[in-house]
Every structure is written in structure tokens, then in C-alpha cells.
Protein chains: 2
Amino acid sequence: MERERICTKKSCFSFDTIKRLSLYLRNLKRLKEKGIEVISSDRIIPLLNVSSAQFRKDLSYFGEFGKRGVGYEVGRLIKELEEILGTNKEWKIALVGVGRLGQALLGFEGFSKFNIKIVCAFDIDKKKVGKVIEGVKVEDMKKLKTIIKRKRVKIALLCTPPHSAQEVSEKLVAAGIRGILNFSPLILKVPSSVFVSNVDMACELESLIFFLKRNERKV
Amino acid sequence: MERERICTKKSCFSFDTIKRLSLYLRNLKRLKEKGIEVISSDRIIPLLNVSSAQFRKDLSYFGEFGKRGVGYEVGRLIKELEEILGTNKEWKIALVGVGRLGQALLGFEGFSKFNIKIVCAFDIDKKKVGKVIEGVKVEDMKKLKTIIKRKRVKIALLCTPPHSAQEVSEKLVAAGIRGILNFSPLILKVPSSVFVSNVDMACELESLIFFLKRNERKV
DNA sequence: CTCCATTTGTTCCTGTTTTCACAAATATAT
DNA sequence: ATATATTTGTGAAAACAGGAACAAATGGAG
Ligand SMILES: NC(=O)c1ccc[n+]([C@@H]2O[C@H](COP(=O)([O-])OP(=O)(O)OC[C@H]3O[C@@H](n4cnc5c(N)ncnc54)[C@H](O)[C@@H]3O)[C@@H](O)[C@H]2O)c1
Ligand SMILES: NC(=O)c1ccc[n+]([C@@H]2O[C@H](COP(=O)([O-])OP(=O)(O)OC[C@H]3O[C@@H](n4cnc5c(N)ncnc54)[C@H](O)[C@@H]3O)[C@@H](O)[C@H]2O)c1
């Protein structure tokens with residue numbers, strides 16, 4: 001495919017490594033809340049569906065964070081991972097398409113745990129423009145470029161219907177957006193400097209169905 | 001990891017192949033709507049971010065659907081893929097946790113294109129129980145087992161907060177659910193006969209941030 | 001201080017997935 | 001009928017990712 005591999009001076013690793021680091025970070029935070037201060041790779045993996053070797057290897061791409069014979073100091077590892085992933089400082093993001101899904105995302109508290117904040121929202125629907133939803137004012141699409149540039153937002157959530165997704169993505173890129181989390185079921189064509197992640201629930205569900213059908217036949 | 005590989009008498013292929021088939025199917029349907037009747041692997045891939053060799057190989061695991069020198073007949077390929085994926089007949093699914101995200105999913109028209117229908121919804125909140133949202137009545141968690149068994153539902157969308165997700169998943173499994181699309185940021189522990197797919201938006205976003213941070217440094 | 005139990009970091013290996021590349025098949029033009 | 005242009009299906013090769021396994025490091029018990 002493309003944009004699936006990351007290379008440093010040290011070595012190369014896959015993009016999946018980064019997703020797993022994010023998973024590790026979230027679980028480490030839970031452990032910290034429970035008061036656990038040190039954990040070994042063997043004892044954290046039951047929470048994660050990942051092998052302990054993989055856990056250690058993923059970390060090893062970025063440095064040595066554990067202590068042999070002991071394990072990992074939870075607080076330290078959280079800090080290191082936040083540093084690696086970039087969530088040690090706040091990230092401002094934009095949202096386009098304040099429909100059902102867009103509104104759910106606006107109200108999602110989960111993002112704040114990652115230091116992520118939706119600072120502006122846009123919609124083409126005149127009835128929605130001007131309303132304040134979950135503390136964010138919905139702006140007209142015409143103001144998209146100005147506001148995104150002014151607020152120096154680099155990431156956007158794209159929640160419009162698929163037929164307008166390509167057009168919207170082009171406006172976002174023109175406004176300086178460098179990363180798009182795309183919820184619409186359409187593969188976007190963007191310059192290679194822009195990073196797109198797709199969240200495709202219908203595909204997920206369809207592959208789930210394939211499995212079920214298969215297992216039923218077996219049983 | 002686990003549950004990542006599918007083997008038939010013919011050969012073995014990865015779970016990613018299935019997700020791609022789902023992607024192909026959706027795009028083929030769009031082509032059909034546009035009136036395109038025949039397409040070659042070289043001309044469909046610009047829509048997909050997949051190589052043409054991959055496209056052909058993914059299909060080859062299931063049979064020979066193309067005609068050399070010509071390409072694929074769109075209508076036929078759609079039928080074949082629907083057959084393979086199992087979406088040629090209607091699938092009934094359940095939803096648990098009628099919060100912001102749950103309500104967005106209840107109103108999502110996209111599922112119907114895949115012959116997927118949410119036939120029941122459950123919540124623990126007494127204020128929500130009894131309401132009808134997007135044509136689906138919200139039921140009490142106590143009735144979960146009875147209703148799911150009676151309607152013979154095998155797939156569920158899990159949209160409760162993470163702290164109750166494990167508990168809810170156990171109730172679902174006890175009610176006969178065999179596939180769970182999990183939106184809560186928690187790795188579920190379920191019997192190996194149950195298939196879980198995770199949709200983890202916060203992880204996606206966090207890995208996006210990693211990339212941006214990286215590119216900025218480069219620039 | 002020595003031995004033993006742990007646990008990390010990393011090398012090496014193995015099986016998987018993707019891509020390459022081409023024979024076989026088809027259509028069209030002459 | 002033959003040549004030419006396409007395009008599939010697929011073996012073989014290359015690229016990758018994941019896991020086993022172990023030396024090196026650490027801490028604690030005796
Ligand atoms: N609802 C869900 O649960 C769900 C699930 C999976 C995927 N999706 C996808 O997410 C997207 C949004 O789904 P939804 O259910 O929220 O739809 P929706 O119709 O409720 O909302 C879409 C919003 O986008 C706005 N919009 C349309 N064209 C626009 C444009 N050119 N510029 C700016 N805004 C525009 C509309 O005014 C509307 O507010 C769709 O692509 C859908 O396929 C939704
Ligand atoms: N809102 C989003 O856009 C979003 C995005 C990504 C992930 N998620 C995840 O999806 C889940 C739901 O998010 P939300 O924003 O809709 O939350 P929400 O608080 O709006 O809704 C949660 C719903 O679950 C119900 N619930 C709680 N405990 C329950 C139980 N034991 N049994 C049945 N129902 C129960 C609540 O009554 C409520 O209706 C969370 O795990 C969240 O992390 C949400």
C-alpha cells in the first residue's frame with residue numbers, strides 16, 4: 001500500500017506499532033489510576049491482546065524504558081509514550097459535517113484524555129450554522145479557510161456524506177490541514193504530504209459478517 | 001495476534017483480504033450506479049489505494065471472476081462478492097448503549113446498503129428505556145437475553161462507556177451473540193468462538209498526531 | 001558476596017503478505 | 001487467419017511482521 005512504514009536513523013517499523021503504542025499508553029494510564037507503579041511486559045499484555053515480545057519490541061524502537069529484572073515504571077513510561085506520540089502538548093482539531101456522527105464526536109470526552117480538543121466545527125447547512133453544540137460554535141463552510149488558518153489547526157475530522165467528502169477534503173488541504181480522520185466511506189485523493197486515516201464502520205461490520213457466516217457453516 | 005487468518009481447501013488468506021473485498025464491493029456498486037458495466041483491475045484501483053495485483057489476488061482466493069483481455073463484469077462481480085461476504089441476505093444486529101454514538105449509529109443509513117439492520121437497542125438508563133429512536137425502541141438491559149434470543153440476533157454494536165463494556169460483552173455472549181463491533185476503548189475478553197472488531201477512534205487520532213509531529217520536524 | 005529468580009532488549013528465524021512478472025486467454029484490426 | 005493489444009490468474013521472489021529464545025542486567029535471599 002503506502003504510508004505504512006516509518007524509518008528512523010535507528011530502524012524501520014510499521015504504522016501498526018504506533019497504533020499499539022497508543023493502546024499501551026491508554027492502558028498504562030488506567031494502571032496508574034489504580035495505583036500500580038511498576039509493571040512487567042508479561043503482566044500488562046493480558047489487557048492488550050498483544051504478545052509480550054511485541055510490547056517490548058515496539059518500545060525498543062524508541063529507546064530503553066524498562067529495568068531488567070523489574071519491569072517498567074508506569075509513570076515514566078506514560079511520559080515517554082506521550083512524548084513519542086506527541087500528546088504531551090494539546091492538539092487542536094477541526095470538524096466538518098455536524099450531523100449525527102459529527103455531533104457525537106463533538107460530545108466525546110475521550111479525546112480530552114489524549115490532549116485533543118475540537119476547536120472549530122463547520123457545516124454547509126444554514127440551519128446548523130450559528131448554533132453552539134457541546135460548546136463549539138458551528139461555522140459556515142465559507143469561513144473554513146480563514147478560521148483554520150487563524151487557529152493554526154492541522155488535523156480535521158471529516159464527517160460529511162461521501163458525495164461531498166472529496167470536495168471538502170480539498171478545502172481542508174487548501175486551508176493547511178495536514179491530517180484527516182475520514183469517517184465517510186470514500187477513499188480520498190489528497191497530496192502525499194497529507195495523512196489520511198479511514199474509520200470505516202460498514203467495512204468492519206461486513207467483515208464481521210463474513211466470519212460469522214463461515215463459523216455457522218462449520219458448526 | 002490471533003484470529004487473523006482464514007483457510008479454505010484452496011488456500012489461506014488474511015483477514016485484511018476480507019476488509020478489502022468489502023471496499024471493492026462498495027466501489028463496484030458506485031460504478032454500477034454510474035452505468036459502468038465492465039472494469040479492469042487497472043482502472044478500478046485509483047479509487048481504492050490498492051495495487052492491481054492485490055485486487056486480482058484477493059479475488060483469486062475465491063474463484064475466477066474476470067475475463068482475460070477484457071476485465072470484470074461489474075454486475076457479476078457485485079453478486080459474487082455479496083455471496084462471499086454474506087451480505088446477499090439481511091443481517092439483523094443489536095445495539096447496546098444508546099448514548100451519543102449509539103444514536104448516531106441508529107440513524108446511520110449506510111448500514112442498509114450492506115443489508116444490515118439494527119433490530120433492537122438496549123440501555124441501562126431508565127430515562128431512555130421505552131423511547132423510540134430512529135424507529136427502534138430502546139429496551140431495558142434486563143430484556144437483552146430474551147429479545148436477542150427470540151430475534152436470533154448474532155451481531156451487536158457495543159457503545160457503552162468502557163467501564164461497563166466487559167460486563168455488557170459477557171451478557172451479549174450469554175445471549176448468543178457471536179460477533180461484536182466494539183466502540184468502547186477497552187480490549188474485551190471473550191470466548192475464542194466470539195469475534196470482536198474494535199473501532200478505536202482515539203487511537204487512530206493519536207497515530208495521526210504522531211505522523212504530523214514527525215513531518216513537521218522534517219519540514 | 002554469591003546464587004537464583006526475574007525481566008528486559010535484541011538477534012535470529014519463521015511464516016505471512018505483497019509485489020513482480022509472465023503465460024494463457026480474449027478481443028480487435030487487418 | 002494472423003498479428004497485436006489487453007488483461008487476467010498465478011507461481012516465484014521479495015519484503016515484512018511477529019515470535020522464540022537468550023545474553024545481559026537487576027534485585028533479593030541466604
Ligand atoms: N451516523 C453514523 O453512525 C455513521 C457511521 C459510520 C459512518 N458514517 C459516515 O459519516 C458521515 C456522516 O454521517 P451522519 O450520519 O452524521 O450524516 P448526517 O447526514 O447526519 O450529517 C452529515 C452532515 O454533513 C453536512 N454536510 C453535507 N455536505 C456538506 C458539505 N459539502 N460541507 C460541509 N458539510 C456538509 C450536512 O449538513 C450534515 O450536517 C457519512 O459519510 C457517513 O457515511 C456515519
Ligand atoms: N461519542 C463518540 O463520538 C465516541 C467516539 C469514540 C468512541 N466512543 C465510545 O463509545 C462509547 C459510547 O460513547 P458515547 O459518547 O455515546 O457515551 P454516552 O455517555 O453518550 O452514552 C453511553 C450510553 O451507554 C449507556 N450505558 C452505560 N452503562 C451501561 C450498561 N452497563 N448497560 C447498558 N447501557 C449502558 C448509558 O446509559 C448511555 O446511554 C464509549 O465507550 C466511548 O468511549 C464514543
Side-chain angles (χ1 to χ4, degrees), chain A residues 1-21 23-24 28 31 36-74 76-77 80-81 84 207, chain B residues 1-21 23-24 28 31 36-74 76-77 80-81 84 207:
Chain A
M1 291 261 274
E2 50 176 300
R3 216 193 286 105
E4 287 291 343
R5 217 168 154 66
I6 302 130
C7 293
T8 62
K9 283 140 274 174
K10 244 180 127 181
S11 59
C12 291
F13 50 91
S14 80
F15 189 47
D16 283 351
T17 290
I18 302 301
K19 291 203 185 155
R20 284 192 296 267
L21 289 185
L23 188 68
Y24 304 157
L28 285 161
L31 292 172
I36 294 166
E37 293 185 351
V38 174
I39 192 146
S40 72
S41 59
D42 266 337
R43 267 171 297 138
I44 197 175
I45 52 131
L47 309 171
L48 300 174
N49 268 6
V50 171
S51 77
S52 65
Q54 179 108 74
F55 178 84
R56 295 200 299 277
K57 191 165 221 178
D58 285 337
L59 293 177
S60 78
Y61 293 122
F62 299 92
E64 303 195 1
F65 308 121
K67 206 182 249 182
R68 297 177 187 209
V70 183
Y72 298 87
E73 202 257 293
V74 176
R76 153 117 195 267
L77 196 48
E80 299 278 8
L81 285 175
I84 292 164
S207 41
Chain B
M1 287 264 272
E2 49 174 303
R3 214 193 287 104
E4 287 292 343
R5 212 168 157 68
I6 302 130
C7 294
T8 62
K9 284 140 273 174
K10 242 181 130 181
S11 58
C12 291
F13 50 91
S14 80
F15 188 48
D16 283 349
T17 289
I18 302 302
K19 290 201 188 157
R20 284 192 298 264
L21 289 185
L23 188 67
Y24 304 158
L28 285 162
L31 291 173
I36 294 166
E37 293 184 351
V38 173
I39 190 144
S40 71
S41 59
D42 265 337
R43 266 171 298 138
I44 197 176
I45 52 130
L47 309 171
L48 300 172
N49 268 6
V50 172
S51 78
S52 65
Q54 179 108 73
F55 178 85
R56 295 199 300 277
K57 184 140 242 180
D58 284 339
L59 293 176
S60 78
Y61 293 123
F62 298 92
E64 302 194 2
F65 308 121
K67 204 182 249 180
R68 295 177 189 211
V70 183
Y72 298 86
E73 202 257 293
V74 175
R76 152 118 196 267
L77 195 49
E80 299 278 7
L81 285 175
I84 292 164
S207 39

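Naming convention: chains lettered A, B, ... in sequence-line order (proteins, then strands); numbering from 1 in each chain. Only this structure's heavy atoms are used, side chains among them; waters, hydrogens and symmetry mates stay out.
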Rounded to whole Å, how long is the line connecting atom [atom1] of [X] with atom [atom2] of [N]?
X       : N      : atom1 : atom2 : answer
B/Leu48 : C/dT18 : CG    : C1'   : 16 Å
B/Arg68 : D/dG9  : CZ    : C1'   : 5 Å
B/Phe65 : C/dT26 : CZ    : P     : 16 Å
B/Leu77 : D/dT8  : CG    : C1'   : 13 Å
A/Asp58 : C/dG9  : CG    : P     : 12 Å
A/Arg43 : C/dA5  : CZ    : P     : 17 Å
B/Ile39 : D/dT7  : CD1   : C1'   : 13 Å
B/Phe62 : D/dT8  : CZ    : C1'   : 18 Å

May I ask you to say what [X] touches in the nucleic acid, namely base, sugar-phosphate or nothing, with a heavy-atom cut-off under 4.0 Å?
X       : answer
A/Phe13 : nothing
B/Ser41 : sugar-phosphate
B/Phe55 : nothing

- Is the closest side-chain heavy-atom distance between A/Ile18 and A/Phe13 below 4.5 Å?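 Of all side-chain heavy-atom pairs linking A/Phe13 with A/Ile18, at least one is under 4.5 Å.
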- Item | Minimum heavy-atom distance between A/Cys12 and A/Tyr61, given as atom pair plus value |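 What the structure gives for the nearest pair is O-CE2, 3.8 Å.
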- Item | Atom of B/Val74, atom of B/Val38 and distance for their closest heavy-atom approach | CG2-N, 3.9 Å
When you check the phosphate oxygens OP1 and OP2 of [N], does a side-chain N or O of [X] lie under 4.0 Å from one of them?
X       : N      : result
A/Arg5  : D/dA15 : no
A/Arg20 : D/dG18 : yes
A/Gln54 : D/dA17 : no
B/Ser51 : C/dT19 : yes
B/Tyr72 : D/dG9  : yes

Once you round to the nearest 0.5 Å, how far does [atom1] of [X] lie from [atom2] of [Y]?
X       : Y       : atom1 : atom2 : answer
A/Asp58 : A/Asp16 : CG    : CG    : 9.0 Å
A/Ile36 : A/Arg43 : CD1   : CZ    : 8.5 Å
B/Tyr24 : B/Gln54 : OH    : CD    : 5.5 Å
B/Leu47 : B/Ile39 : CG    : CD1   : 6.5 Å

- Among the nucleotides D/dG19, C/dC20, C/dG9, which one has an atom lying closest to any side-chain atom of B/Ala53? C/dC20
- Which listed nucleotide (D/dC22, D/dT8, C/dT19) is nearest to the side chain of A/Arg56? D/dC22
- Note on the structure: Given Watson-Crick and G-U pairs under 3.5 Å, DNA chain C in dot-bracket ([ ] crossing, | other strand) is ||||||||||||||||||||||||||||||
- Query: Of A/Lys57 and A/Gly66, whose nearest nucleotide on DNA chain C comes first from the 5' end?
  - Reply: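 It is A/Gly66, whose closest nucleotide lies nearer the 5' terminus.
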- Item | Ring centroid separation B/Tyr72 to B/Phe55 under 6.0 Å |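 Yes, the ring of B/Tyr72 comes within the 6.0 Å limit of the ring of B/Phe55, centre to centre.
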- Start at the 5' end of DNA chain D and walk down; is the nucleotide closest to B/Asp42 or to A/Tyr61 reached first?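 Checking each residue's closest nucleotide, the 5'-ward one belongs to B/Asp42.
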- Task: Determine whether any donor atom in the side chain of A/Lys67 lies under 3.5 Å from an acceptor atom in the base of C/dT7, or the reverse, and answer yes or no.
- Result: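 Per atom types, no contact qualifies.
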